[in-house]
Amino acid sequence: MDKERLIGFRKQIIEKDFARLNAMQFQAVTTVCGPLLILAGAGSGKTTVIVNRIACLMKYGNAYCSNKIYADFTEDAEALMLRYLQGDASVYGEVKGLLCVDPPKPWQILAITFTNKAANELKERLVNMLGEEGNEIWASTFHSACVRILRRESDSIGFSSHFTIYDTDDSKRLIRDCQRQLNIDEKILSQKTVLTEISRAKDSLIGPEEYSTDGPRGFDQKKDYIKRIYTLYQQMLKNADAMDFDDIIVNTVKLLQDNPQALDYYRQRFRYIMVDEYQDTNHAQYVLVSLLAGGHKNICVVGDDDQSIYSFRGANIENILSFEEQFDHAVVIRLEENYRSTGTILDAANAVIANNSERKGKNLWTSNERGEKIELHTCADEAEEGRFVADSIMEKSAAGRPFSDFAVLYRTNAQSNNIERALVRSAIPYRVIGGRRFYERKEIRDAVAYLAVTVNHNDNVRLRRIINEPKRGIGETTMNNVSSIAAYLGESMYSVMARADEYSALSRSAAKLKLFTEMIDSFSARLANGTLAEGFRMIMNESGYAASLSQDEETKEERLENLDELYSTLARYEQENGEEASLEGFLEEIALLSDIDNYDDQLDTVTLMTLHSAKGLEFPVVYLVGMEDGLFPSSKSFDDPRALEEERRLAYVGITRAKELLCLTKASARMQYGKTTANPPSLFLDEVPAALIDDTSPRVSAAFGYRNNRAGGAYGAVYSAAGGSRSYDYGAERFKSSGGFSADSFAPKKTAVQDAFYKPPQKKESPAIVALKAGDTVRHKKFGAGLVLSAAPLGNDVLLEVAFDSCGTKKLMQGMAKLEKL
DNA sequence: CGCACCACAATTTTT
DNA sequence: TTGTGGTGCG
């Protein structure tokens, strides 16, 4: 009937449905046809837009930008629409046909993020909004989406469907093996160089054959070496039925390029594609996205060129800068209203980033209040910097902020040390994200290697890793012999080991080798009998690995606890996946897992992490420490303007993490690599308008140094008495998994039967908090005896002020401090 | 083959 | 300062 009226109604209904969005967000949500670039400034509600855009697609298809109508527009229909418009949701089922134009099935939507955490959050929000249908949307990382595709299409790419994924550490080992096999000295060419060079080549979709040996001045010997290593490396991966992270993308691209049916299938399948953090994509990922979007052309990318901080890893900022040239008829929408930070913080961020030239240009604004000035504090050295931060946190926490409000961000992981030390002294609960990650720990990698070899006997890198761990008297030479024989016969190392007695070169260790493969065989065979977690326990016990860990008194507790953690992760995985659970599946999941994925914002602790890890997060109070030239910006960026711009983007990321308060600190002198250096103030400090800064540094010229104004400097004086305690383990203690994987039960009795060894972890009860009041005397593990001056309840804990005989008055959280009442 | 000792290097790292 | 990896001896 009246087409215009129907379309008008439709638009009104959609507008009402998304009325919570601002104008730009609304546009971004409803522009669903064709290429779209959403430039989303920090804190501009990017995730909200992504979630709502998908919801909009599911509910209305492309109704907002289409004139199609699939139903008769009767008077009844008009009445229904009116009712719906007035808020009567019960008629949705009846009006749906009128509102919706070609809605996609949930599995036709592909939403790509960079971290598992982001993917899971997205999924969760989609399920909240759309119900169970949300679960069927492909919301995943580049890597897991590609793995899914590759496993399905494994026949056509020459891998098995259960190929192994090698992470950076595995890759490094393999590179080392290749280098040794080719007799290329690591002094001439470091593994690191080779690895980044190969990775860079893969990012650019350059295979070993095409890899050029030409440098700027013709033939380049190093490049020739790299080409040879690259070739062998790929061969070895293939033999091990393994792919590294880059291969996962590269092989998917290859599959789509070489296999028209596959390309066609996935183009049909993914009608709508969204890519988050587009500024971080590399060339291979760009090609992948273009291939997939080549059919429907419904490609929406979201990103912020000002937050591109991963170019050192191959991210290509050009992808986002020239999106409009790469995708015809692309629409660009800018989200510039910031909902996160105070005006002051935002002004600072804008002022800093304005110094960059390689950018799309964008000006964030906010209607939030101005807020407080940005605090700048100069400290004498890094220890004082830590104390300043700890003290400031203590003060604000006493005023009622939970510890989870605070984040301390730094340029390099090494900087966490001083901060940790100071936080421990004040008994402030904290956790460090990144640094040495859980899955990078030796015992975890070993344990995982056992599982990997049990599942895939051809996993040579992992096989070599555990063959002599614990000691089985099988060394490098033996394994090299095995490897040569295997290469010569074209068989796997594992099968050569299983028949070791047939080869004279292996005669001396044949028995040991056979014993090992028989053990692994028996693991594989028995794995089907019980739960995976039990299987893990069995493997750890019978391989002797768990027992070997308990040999070292120094480290056994922590390491066994880490095994506990892995056991729990496996048990949890099993619980979540039920029938579907498999060891292969578990290994894949953890191969694609990162540290930030485990970041739990529910815990009431201060968070310490690098600026890089902080991207995507926000905190009410942010400390940006080490604002010094040479540290941040890093000295390595001094002679490269592009690198310096990336550092500046990093500063921008850091500043925009803060919601309410931002505090910048620097130290006049800092111990780096065992030497004390004096770094000038960071270039970026000058770029923040002075009017936004409140400088609380001690009022003596920093040039005179720490010694000269010790007496006058507030912190120098207060803290000079606080020396002493070197150990700083109890702050972290709280975050170790507790109890269960009892160290004692791992006593090295190798013959005893398994069961006694590896007990699944159990929760330890937290010690009851004894009521303390002013006047009580207490004993502290490190500080000794002291008198309680005050006790004030704070959250679930009690803030104590204690005068210690040995080191003066300290503020402590009772729950953290393990005090003994005397 | 295993262990002890010394040399050396050392941003950032979503997968 | 920290951690890793190579070398050389028993």
Side-chain angles (χ1 to χ4, degrees), chain A residues 112-119 140-147 165-173 176 180 185-187 190-192 195-196 199 202-203 243-249 276-277 279-282 284-285 307-315 382 409-418 433-437 439-440 442 468-479 508-509 512 588-597 599 609-617 626 630-638 643 646-647 649-650 653-654 670-676:
Chain A
I112 295 179
T113 62
F114 269 82
T115 64
N116 295 299
K117 183 170 174 269
S140 64
T141 62
F142 264 110
H143 293 264
S144 49
C146 288
V147 167
I165 299 166
Y166 278 0
D167 66 16
T168 317
D169 186 79
D170 301 319
S171 299
K172 253 190 221 148
R173 282 166 177 264
R176 199 180 54 195
R180 287 188 183 160
D185 195 338
E186 283 167 27
K187 295 217 173 71
S190 73
Q191 288 147 39
K192 223 184 114 187
L195 196 69
T196 43
S199 178
K202 288 183 177 179
D203 285 351
M243 293 187 197
D244 67 16
F245 287 142
D246 301 313
D247 285 339
I248 291 172
I249 311 293
D276 192 10
E277 307 282 15
Q279 74 282 355
D280 293 333
T281 49
N282 60 35
Q285 287 162 336
Q307 292 186 63
S308 163
I309 54 174
Y310 282 103
S311 75
F312 70 92
R313 269 181 102 260
E382 77 280 354
L409 309 182
Y410 35 77
R411 177 68 238 264
T412 66
N413 281 306
Q415 289 169 261
S416 76
N417 266 223
N418 324 305
I433 308 286
R436 204 189 182 69
R437 287 194 197 58
Y439 288 101
E440 277 168 18
K442 183 180 180 301
N468 208 24
E469 193 75 59
K471 302 278 176 288
R472 295 186 178 90
I474 305 171
E476 188 78 21
T477 343
T478 309
M479 289 311 279
R508 216 179 314 164
S509 34
K512 298 171 197 160
E588 176 179 323
E589 203 171 287
I590 61 171
L592 299 176
L593 210 72
S594 82
D595 209 51
I596 196 85
D597 294 334
Y599 173 72
M609 63 184 142
T610 62
L611 288 154
H612 282 89
S613 307
K615 199 182 71 174
L617 303 175
L631 233 198
F632 185 38
S634 155
S635 55
K636 309 219 166 161
S637 67
F638 282 170
E646 179 141 318
E647 296 284 310
R649 291 193 289 269
L650 203 49
V653 167
R670 182 180 297 274
M671 179 97 96
Q672 278 174 293
Y673 307 139
K675 274 204 293 273
T676 304

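Numbers restart at 1 for each chain; the letters A, B, ... are given by sequence-line order, proteins then strands.
- Both A:T478 and A:K615 lie near DNA chain B, and the one whose nearest nucleotide falls closer to the 5' end is A:T478.
- A pairwise comparison of heavy atoms in A:A284 and A:I249 identifies CB-CG2, 3.9 Å as the closest pair.
- At distances below 3.5 Å, not a single donor-acceptor pair connects side-chain atoms of A:H143 with backbone N or O atoms of A:I248.
- A:T610 and A:S613 share a donor-acceptor pair across their side chains, judged by distance under 3.5 Å alone.
- Computed from coordinates, the A:D185 CG to C:dG5 P distance equals 16 Å when rounded to whole Å.
- The separation between A:R472 atom CZ and B:dG2 atom P is 11 Å, rounded to whole Å.
- For B:dT11, the base adopts the syn conformation, since its glycosidic angle falls within 90 degrees of zero.
- A:R176 and A:E186 are not joined by a salt bridge, as no carboxylate oxygen comes within less than 4.0 angstrom of a charged side-chain nitrogen.
- Residue A:K471 is classed as a sugar-phosphate contact, given heavy-atom separations below 4.0 Å to backbone atoms only.
- Taking the ring-ring contact (aromatic ring centres under 6.0 Å, His included) definition, one finds that A:F638 meets it with nothing, sequence neighbours left out.
- Distance CD (A:E476) to C1' (C:dG6): 12 Å, rounded to an integer number of Å.
- Counting any heavy atom pair closer than 4.0 Å across all strands shown, A:R180 reaches sugar-phosphate atoms only and no base atom.
- In this structure, A:E440 atom CD and C:dG3 atom P are separated by 14 Å, rounded to whole Å.
- For A:R508, the CZ atom counts as loosely surrounded, since its 6.0 Å shell holds 12 or fewer non-hydrogen atoms of other residues, nucleotides or ligands.
- Computed from coordinates, the A:N417 CG to C:dT2 P distance equals 8 Å when rounded to whole Å.
- Nearer to the 5' terminus of DNA chain B, by closest-nucleotide assignment, is the contact made by A:N468 (compared with the other of A:T141 and A:N468).
- Going from atom NZ of A:K512 over to atom C1' of B:dG2 covers 12 Å, rounded to whole Å.
- Remark: A:E277 engages A:K46, A:K615 in a salt bridge (Lys or Arg N to Asp or Glu O under 4.0 Å) (not counting sequence neighbours).
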Protein heavy-atom contacts under 4.0 Å, written 5' to 3' over nucleotides 7-13 of chain B as B (base), S (sugar-phosphate only) or - (none), form the string ---BBBB
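- Atom P of nucleotide C:dT4 and atom CD of A:E186 are separated by 16 Å, given to the nearest angstrom.
- Within the nucleic acid shown, A:T113 has no heavy atom closer than 4.0 Å to any nucleic acid atom.
- Look at CG on A:D169: it is 13 Å from C1' on C:dG5, rounded to the nearest Å.
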